[in-house]
Amino acid sequence: MEVKAWAKLNLTLDILRRRADGYHDLEMVMQAVSLHDTLTLTPGGEGLRVSTDLDYLPDDESNLAARAARRFFRARPELEVGLDIAITKRIPVCAGLGGGSSDGAAVLRGLNELTGAGLSVTELAALGADVGSDVPFCVLGGTALARGRGEQLTPLPPLPPCHVVICKPPFPISTPELFGRVDCRRIARRPDTAGVMAALEAGDLAGVARRMYNVFEDVLPPRKKAAVDQIKTELIAAGALGAIMSGSGPTVFGLFDRPDLAREAARRLGEEYRDTFLAEIPRAV
């Protein structure tokens, strides 16, 4: 069975407070996008085997796809079978696009269908919360408000059809390091989450785009912030209705209402940045 693992974007990302358990309470409007990995699930043999087309990615239990399979079979042990998971990567790694989480979610959805388990999306998302913070959203897909660590989900009206240019600069960003730089009491600017949700309800793409914001951008190290800001500037100059960094970065995306402008923006950025993609909002996940 082949399963698509859709990337996620953060239309907003706000950090509300640090919790006693060491995690942070977040509030995010999240969106699935057509950029995706492809997973092939093949039952048979003994044990669990994971492989990817990138030799530097783990093929053991630290891979979220493997962890998701283990969590599924722990919930339904009577359905456990030997399983081969082959992952073809397209979503950049360590990019703020939820690639690993999406792979884990795809395994949960695929195994649910492959085994005939009949678990609901809500039940699969609950299993995903034990795998990773973004996995529940990646199970749900579409457009949603995420709270808590990301596991408390409220479906939202879909983002209006648009074209998305996604661009990752050639450096990593450490998520723990960024969280360590955040002082929730001193966040000067926060996203207009309520305004974004109202714009989604109204089907107002421009209203969503101009309200997008990610508080992580304000705590980026100076050189990395300059690189992110440069891509944002190029996207806006190319006709994007809005542009922000996704997740803990460093990937930046822009929303376009004109396909010709999006294609040209992707072409120009692609000359400078290898990881540049032209994507759309998928109709179903």
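When reading the values below, keep in mind they use all heavy atoms of this one structure, side chains included, and skip hydrogens, waters and symmetry mates.
No donor-acceptor pair under 3.5 Å is formed between the side chain of Ser34 and the backbone N or O of Ala279. Proximity of a side-chain donor or acceptor of Asp25 to a complementary backbone N or O of Arg17 within less than 3.5 Å is not detected. Between the side chain of Ser102 and the backbone N or O of Trp6 there is at least one donor-acceptor pair closer than 3.5 Å. A donor-acceptor pair under 3.5 Å is formed between the side chain of Thr12 and the backbone N or O of Val29.
With Arg90 as reference, Thr38 is the one residue of Thr38, Asp53, Asp275, Asp37 to meet the side-chain hydrogen bond (donor to acceptor under 3.5 Å, both in side chains) rule. For the side-chain hydrogen bond (donor to acceptor under 3.5 Å, both in side chains) with Asp14, the qualifying choice from Arg147, Arg190, Arg189 is Arg190, the only one to do so. None of Asp218, Asn10, Thr193 except one satisfies the side-chain hydrogen bond (donor to acceptor under 3.5 Å, both in side chains) rule with Tyr213; the exception is Asp218.
Between Glu271 and Arg267, at least one side-chain N (NZ, or NE/NH1/NH2) sits under 4.0 Å from a carboxylate O, which counts as a salt bridge. We find that Arg268 and Glu234 are not joined by a salt bridge, their nearest charged nitrogen and carboxylate oxygen being 4.0 Å or further apart. Taking a cutoff of 4.0 Å between a charged side-chain nitrogen and a carboxylate oxygen, Arg76 and Glu78 qualify as a salt bridge.
A single hydrophobic cluster is not seen to contain both Val93 and Leu9; linkage of ILVMFWY side chains at heavy-atom distances under 4.5 Å, directly or through other members, places them apart. Residues Leu79 and Leu111 do not share a hydrophobic cluster, defined by chaining ILVMFWY side chains whose heavy atoms lie under 4.5 Å apart.
In this structure, Asp260 and Arg263 have side chains that are in contact, with non-hydrogen atoms separated by less than 4.5 Å. Residues Phe277 and Thr251 fail the side-chain proximity criterion, which asks for heavy atoms closer than 4.5 Å.
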Would you tabulate the side-chain donor-acceptor contacts of residues 153-182 under 3.5 Å, counting partners in other chains and residues two or more places apart, or write 'none'?
from   : atom 1 : to     : atom 2 : distance (Å)
Ser174 : OG     : Glu177 : N      : 3.1
Thr175 : OG1    : Ser248 : OG     : 2.6
Arg181 : NE     : Val219 : O      : 2.5

For residues 125-140, which side-chain donor-acceptor pairs fall under 3.5 Å, sequence neighbours excluded?
from   : atom 1 : to     : atom 2 : distance (Å)
Asp130 : OD2    : Arg71  : NE     : 2.8
Asp130 : OD2    : Arg71  : NH2    : 3.1
Ser133 : OG     : Arg149 : NH1    : 2.9

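Smallest separation of non-hydrogen atoms from Pro43 and Val81: CB-CG2, 4.1 Å. Listed here is the closest heavy atom pair of Ala266 and Leu278: CB-CB, 4.2 Å.
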